[in-house]
Amino acid sequence: MMMRLVVPSLLAIAVLSGVSPLAKAQSSAGTGGSSSTSPSTQTASKPAHAQPGGTADYTKPDFGQRFHNYLFDSFGPYPLIGAAAAAGINQANNSPPEWEQGMEGYGDRYASAFGINLVATTARYGLAEILREDTIYYRCECSGFFPRLSHAVISTVTARRGNDGHRFISFANIAAPYAGTETAALGWYPSRYNAMDGFRMGNYVLLTYAGVNVAKEFIYGGPHTLIKNVPLIHH
């Protein structure tokens, strides 16, 4: 079980490391900002690295910033905690029963949940590079619980595109969870699992990602919300 998850891990590093930079370096990581406004003015007028209020405020993240966020979404606190929670739920439900109970069974379930997210995140960022989508999560500039909650949920199936950052339905965001669960169902799950099981599990993962976006909105939005001017890759 653990050895079979090495393959998705290696593929993840190979795919994301091999993608050429598609955008020039920006002044801050993964955020929208007006090119005619100074950084000090932006800081005073709106929250740093928040969701751009309009397309005129958007600045495309560069490759280093996108890769930094890929690492966060793959190996950061949310996938680690999420895999632990998913493994605990599946352990309690004895799903799948072939993995049995005990620490070994929990370890298999944890590795599976982590592997699903790794494949899904790699698919999301890989498709985003091909389709020129910006799938990084941006916190909302709006105020109030329900507007922010709505923004977090909608961001699960939308992304930004183009130099103006217009929002649209994202194929990368929607397809990625199913790429992860189909890989699991047909790859390392017991042989009785099939593509329909992978689709069913993908629905749950998509809902889980909506919950992760809510956490990013209200708790911690990712590396681009704290790290400024620290490019991962020098151009």
Side-chain angles (χ1 to χ4, degrees), residues 8-9 11-23 26 29-32 49 51-52 55 58-76 78-79 82 113-140 150-187 195 198-217 221-225 232-233:
S9 301
L11 287 175
I13 300 299
V15 170
L16 269 297
S17 297
V19 178
S20 299
L22 298 178
Q26 307 296 326
T31 179
H49 306 284
Q51 171 67 30
T55 57
Y58 178 76
T59 300
K60 293 175 64 176
D62 66 19
F63 177 77
Q65 294 154 5
R66 297 193 302 273
F67 188 72
H68 200 131
N69 279 273
Y70 162 76
L71 294 177
F72 175 82
D73 288 341
S74 297
F75 307 103
Y78 291 125
F114 186 86
I116 288 172
N117 179 72
L118 181 60
V119 174
T121 302
T122 301
R124 175 160 64 93
Y125 279 87
L127 287 171
E129 291 294 322
I130 295 171
L131 301 175
R132 300 181 182 275
E133 298 181 9
D134 178 8
T135 58
I136 294 174
Y137 182 80
Y138 297 91
R139 282 177 167 173
C140 188
S150 175
H151 166 80
V153 173
I154 291 174
S155 295
T156 307
V157 294
T158 61
R160 290 188 171 270
R161 174 182 287 170
N163 293 327
D164 63 348
H166 60 276
R167 184 164 289 281
F168 72 110
I169 298 296
S170 168
F171 175 77
N173 272 334
I174 295 173
Y178 299 96
T181 54
E182 290 292 351
T183 300
L186 302 178
F199 180 80
R200 172 179 53 81
M201 293 188 294
N203 295 331
Y204 293 114
V205 173
L206 185 62
L207 290 175
T208 299
Y209 285 169
V212 171
N213 281 347
V214 172
K216 288 181 176 179
E217 176 65 30
H224 63 284
T225 59
L232 184 67
I233 297 178

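- Residues passing the side chain to side chain donor-acceptor pair (under 3.5 Å) test with T156 are N213, sequence neighbours excluded.
- Closest approach of A179 to A123, counting heavy atoms only: CB-CB, 3.9 Å.
- Closest heavy-atom contact between P177 and I174: CD-O, 3.3 Å.
- For Y178, the side chain to side chain donor-acceptor pair (under 3.5 Å) partners at least two apart in sequence or on another chain are N203.
- With hydrogens and angles ignored, the 3.5 Å screen pairs a side-chain donor or acceptor of N69 with a backbone N or O of Q65.
- In this structure, H151 NE2 and Y137 OH are separated by 3.5 Å, a value rounded to the nearest 0.5 Å.
- Taken from CZ in F72 to CD1 in I136, the straight-line distance is 11.5 Å, to the nearest 0.5 Å.
- Partners of A159 under the side-chain contact (heavy atoms from CB on, under 4.5 Å) rule, at least two apart in sequence or in another chain, are E133, T135, F168, S170, N173.
- Side-chain contact between T121 and Y209 is present, with at least one heavy-atom pair separated by less than 4.5 Å.
- For T181, there are no side chain to side chain donor-acceptor pair (under 3.5 Å) partners, not counting sequence neighbours.
- Residues in residues 117-126 take part in these salt bridge (Lys or Arg N to Asp or Glu O under 4.0 Å) pairs, two or more places apart or across chains: D73-R124.
- Contact between M201 and A185 at its shortest, heavy atoms only, is CE-CB, 3.9 Å.
- R161 and R132 get closest at one heavy-atom pair: CG-O, 3.8 Å.
- Taking the six-membered ring for Trp and thresholds of 30 and 60 degrees, Y70 and F75 have ring planes more than 60 degrees apart, a perpendicular arrangement.
- Scored by the side chain to side chain donor-acceptor pair (under 3.5 Å) test, T158 finds R167 as partners (sequence neighbours excluded).
- The closest side-chain heavy-atom distance from P61 to D134 is below 4.5 Å.
- Taking OG from S155 and CD from E217, the interatomic distance works out to 8.0 Å, rounded to the nearest 0.5 Å.
- Remark: E182 engages L186, A195, F199 in a side-chain contact (heavy atoms from CB on, under 4.5 Å) (not counting sequence neighbours).
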